[in-house]
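Order of listing sets the numbers, starting from 1, for every ligand and every atom in it. Computed from a predicted structure; not experimentally measured.
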Amino acid sequence: MAPVDSKALIAKAEAIAREFEYTAEDVRKGVKEFLREMDLGLQNDGQPMTMIPTYVTSVPNGTEKGVYLAVDLGGTNFRVCSVSLKGNSTFTLTQAKAAIPKEMMTSDSHTLFSFLAQQVKAFVEEHHADHFEEFPDHHLQLGFTFSFPVDQRAVNKGYLIRWTKGFDIKDAIGKDVCELLQKEIDALGLPVTVAALVNDTVGTLMARSYTSPGKTGTLLGAIFGTGTNGAYVEKLSKITKMTKPGANIGEYDKSTGEMVVNTEWGSFDNELRVLPNTPYDQELDKMSVNPGIQMFEKRISGMFLGEILRNSLLALKDSAGLFAKADIAADAFLHTPWSVDTSALSFIEADNSEDLARTKQVLEAQLHVPAADISIEEARAVKILAHAIGRRSARLSAVPIAAIIIATGKVQPPPQPRPVAAKTDEELEVIDIGVDGSVVEHYPGFEKLLREALREVEELGEKNEKRIRMGVAKDGSGVGAALIAQVAAKMKGIENKVAGSTA
Ligand code: BGC
């Protein structure tokens, strides 16, 4: 291989990076299209952006109390926890985590769900033996966080629409996932009732609302992790598909006039009307288990950013001789789909050292390119690409947030001609957003980049962007599922019993 021209290498990296530009104009176009698809999904079943009514009709205010079980299936781990809600915006949580064996992600529903039930059994035996001794006939209520698109028909009933994030268990499609879990729990003779089905975004919204300071309820729960999605509080009157003649709808409380909607924004613009579509995105989609689906998610979330980076590194190798000294073999990691983890982008972004030693280490650890064989220019070129991909992800993430703030009427108009009518900055209400997930938590500067894009949306501007309070809802899925199980149990008049307590 000819010696690498380092100037040409950097120039080529910059050219590829420009393909990941997502301009202010693109953001604004994205918001417009998102608003259109939101409306379509609220009005009709079967839309790509599914806009799922969740049957959750209010957000907590911090006074909720009791002990609930929660399980969480949605990514690489399965978690079981018990949550004790204290009634004063605080909680305690005990949890156990089990990695989901990779082959189980594409097995059959009995294999997966019996594995989940086994984990619940081990957990309650370890942590709740006293409960069953004290109250032999009482069932613990369980909230099931299931972070895939389901057609929800009641607070504890939802039929799986499709798998995402690498799961692919065909016989589960169209089945009620609560029933699948309950059946396996019953088979083990456990006194546990699956009381509520919750998407992780809804859990995040609930948890943030329970713990977030101030009187303003949380508007939106958003995940930027392995996958991406958001749930927000919508007016019932706008969810017109629920009131269409013949709509197959379960019971819900209409008194609040609101319902939490799980947008499933991962499938925003599957038709690619406005989303960027580089050759690296196209290659990734081709290699995925669900081509043409979750197109927004595939440009944003943790499951995919590493692969986009790998594809762009390959392009840089082919066009400008990246990793020339290392002499990469045809069967090397660089040529193996999905071999780069998204954490690589976070580490590289965080590496501000002169010699980019950390970047080289990450390339060695993940791609097995010996650090000693990577020149400083090569490390710099990789960093240019990694930054461009991370930045695009953060700017794309602003699109649904801006659109939901606009759609729910939360924006304050720019100052009126008669200034008396305009509110002062102090009078403007906070817009509270709960977030969670590895990308928003660990990618350096993700929120800052996202906020820059929010300010570029005309309806928001700096004035409204400043009103947004964004915070990580720690343990959101567990606490949120517990909160919804609490509401569901209360509605059914099921008493909460706490072992060892006289309350
Ligand atoms: C799923 C959503 C989920 C999101 C974040 C997506 O792939 O479709 O239901 O909320 O990932 O976990």
Side-chain angles (χ1 to χ4, degrees), residues 37 41 46-56 70-79 100 105-106 143-152 158-169 172-173 177-178 196-208 220-232 260-270 284-285 288-305 307 342 393 396-397 399-401 404 433-443 446 472-473 475-481 484:
E37 291 193 22
Q47 297 300 306
M49 212 158 79
T50 328
M51 305 296 285
I52 301 165
T54 62
Y55 293 77
V56 175
V71 297
D72 180 3
L73 178 75
T76 36
N77 290 309
F78 178 64
R79 279 190 306 159
I100 310 216
M105 292 164 70
T106 51
F144 183 13
T145 301
F146 182 78
S147 304
F148 302 92
V150 296
D151 180 7
Q152 192 147 2
Y159 302 92
L160 179 62
I161 299 173
R162 62 179 179 272
W163 289 104
T164 60
K165 296 175 285 196
F167 279 77
D168 189 19
I169 298 175
I173 305 283
V177 293
C178 285
L197 176 64
V198 186
N199 187 266
D200 52 355
T201 55
V202 182
T204 300
L205 173 59
M206 294 289 122
R208 173 77 184 171
L220 168 66
I223 303 280
F224 302 101
T226 307
T228 184
N229 187 18
Y232 73 104
V260 174
V261 170
N262 166 14
T263 64
E264 286 298 333
W265 73 39
S267 262
F268 165 55
D269 195 21
N270 278 346
L284 174 145
D285 188 45
S288 68
V289 292
N290 53 359
I293 293 172
Q294 300 289 101
M295 298 306 254
F296 189 58
E297 174 163 278
K298 284 175 179 160
R299 283 146 180 78
I300 291 191
S301 74
M303 171 127 194
F304 307 102
L305 297 184
E307 179 67 357
T342 289
S393 156
L396 280 164
S397 302
V399 168
I401 295 182
I404 286 169
I433 298 181
V435 293
D436 203 358
S438 51
V439 175
V440 64
E441 269 201 80
H442 303 306
Y443 187 83
F446 191 84
V472 173
D475 300 314
S477 339
V479 180
I484 299 174

Exercise for the section: Tell me the residues surrounding ligand 1, counting only those with a heavy atom closer than 4.0 angstrom, sorted by chain and number. Expected result: S147, F148, P149, T164, K165, N199, D200, T201, I223, G227, T228, N229, E264, Q294, E297
Exercise for the section: For D285 and K298, work out which heavy atoms get closest and say how close. Expected result: OD1-NZ, 2.7 Å
Fill in the blank from the handout: Between V439 and S393 the two heavy atoms that sit nearest each other are CG1-OG, 4.4 Å
Exercise for the section: Taking the side chain as every heavy atom from C-beta outward, state whether D436 and E441 have any atom pair closer than 4.5 Å. Expected result: yes
Handout entry: Mutual orientation of the aromatic rings belonging to W163 and F167 [parallel < 30°, tilted 30-60°, perpendicular > 60°]
Key = parallel
Exercise for the section: Measure the acute angle between the ring planes of F296 and F268, then classify it against the limits of 30° and 60° as parallel, tilted or perpendicular. Expected result: perpendicular
Problem - Any side-chain donor near an acceptor of the partner, N229 and N262, under 3.5 Å - result: yes
